[in-house]
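Working notes, beginning with the structure itself.
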Amino acid sequence: METFIRTEVAEEEVNFWAKALKNGQEVRLVGECVLRLDDASKLKALRRKLQKIGRIVSAELVPILVTHYATPKLLQQAIEKGILVVHSYQWDQDF
């Protein structure tokens, strides 16, 4: 995996952007950072960015959301939508 960078992709600000391998295939990690995952609009904003970026990037996109706190309901919704949620205090752990 390459280093995460903050950049702009498809005219969208992206907090986390990196290449990685998943099952031997190149993927792109695309992520956002929010202090609190307590509003469904934050998940919608990430999905909107993924859709826009997906139009110009051929690699599989792996969504990541880094937060300090997530409500149980939104955490479950994110997991069901295939979004990897990382709590800031977990950042140095293996997933």
Side-chain angles (χ1 to χ4, degrees):
M1 181 174 75
E2 67 183 24
T3 303
F4 283 108
I5 62 169
R6 183 180 196 151
T7 190
E8 187 175 294
V9 182
E11 299 179 355
E12 293 286 341
E13 178 187 351
V14 178
N15 295 147
F16 299 106
W17 178 253
K19 288 181 189 176
L21 291 178
K22 178 180 173 184
N23 300 323
Q25 299 294 315
E26 184 179 297
V27 297
R28 282 289 183 161
L29 304 174
V30 180
E32 291 298 306
C33 183
V34 297
L35 181 60
R36 296 176 59 86
L37 180 54
D38 57 1
D39 181 340
S41 68
K42 295 172 183 176
L43 293 177
K44 289 177 187 175
L46 178 56
R47 286 195 311 266
R48 181 184 53 76
K49 286 184 183 190
L50 288 165
Q51 289 173 345
K52 195 169 179 184
I53 293 168
R55 292 184 198 127
I56 66 165
V57 175
S58 61
E60 177 186 350
L61 302 179
V62 178
I64 300 173
L65 200 145
V66 178
T67 187
H68 185 69
Y69 172 78
T71 65
K73 179 180 176 180
L74 288 178
L75 178 60
Q76 185 62 37
Q77 286 179 17
I79 291 168
E80 289 170 1
K81 293 180 185 331
I83 300 170
L84 174 62
V85 178
V86 180
H87 288 87
S88 56
Y89 55 84
Q90 297 175 311
W91 190 248
D92 62 349
Q93 297 178 11
D94 292 330
F95 293 96

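Linking ILVMFWY residues whenever their side-chain heavy atoms come closer than 4.5 Å, directly or via other members, places Val30 and Ile56 in the same cluster. Linking ILVMFWY side-chain heavy atoms closer than 4.5 Å, directly or via other members, places Tyr69 and Val66 in two distinct hydrophobic clusters. Residues Leu35 and Tyr89 do not share a hydrophobic cluster, clusters being chains of Ile/Leu/Val/Met/Phe/Trp/Tyr side chains in contact below 4.5 Å.
Contact detail for Arg36 and Lys42: the closest heavy-atom pair is O-NZ, 2.6 Å. The minimum heavy-atom distance linking Leu61 with Pro63 is given by the pair O-CD, 3.5 Å.
Partners of Ala78 according to the side-chain contact (heavy atoms from CB on, under 4.5 Å) rule, which considers only residues two or more places apart in sequence or in another chain, are Leu43, Ile83, Val85. Glu11 meets the side-chain contact (heavy atoms from CB on, under 4.5 Å) test with Glu8, Lys52; sequence neighbours excluded.
Atoms SG and NE2, from Cys33 and His68 in turn, are 11.0 Å apart once rounded to the nearest 0.5 Å. Interatomic distance, Thr7 OG1 to Asn15 CG, rounded to the nearest 0.5 Å: 11.0 Å. Note that CG of Leu74 and CG of Asp39 are 7.5 Å apart. Values are rounded to the nearest 0.5 Å. Between the CZ atom in Arg28 and the CG atom in Leu50 there is a gap of 13.5 Å [rounded to 0.5 Å]. Here the CD-CD distance, from Gln51 to Glu12, works out to 10.5 Å after rounding to the nearest 0.5 Å. Taking CG of Leu84 as the start and CG of Leu65 as the end, the distance is 9.0 Å to the nearest 0.5 Å.
At distances below 3.5 Å, at least one donor-acceptor pair connects side-chain atoms of Lys49 with backbone N or O atoms of Glu13. The backbone N or O of His87 lies less than 3.5 Å from no partner atom in the side chain of Thr67, so there is not a single donor-acceptor pair.
Contact annotation: the side chain of Ile53 approaches that of Trp17 to within less than 4.5 Å [non-hydrogen atoms, C-beta and beyond]. Residues Leu29 and Phe16 have side chains not in contact (no heavy-atom distance under 4.5 Å, counting atoms from C-beta outward). Between Lys19 and Glu26, the closest side-chain pair of non-hydrogen atoms falls below 4.5 Å.
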- Begin with the C-alpha distance, continue with both residues' side-chain angles, and end with the deciding distance and a verdict on side chain to side chain contact (heavy atoms under 4.5 Å, CB included) for Gln25 and Glu60. CA-CA 9 Å; Gln25 299 294 315; Glu60 177 186 350; over 6 Å; no
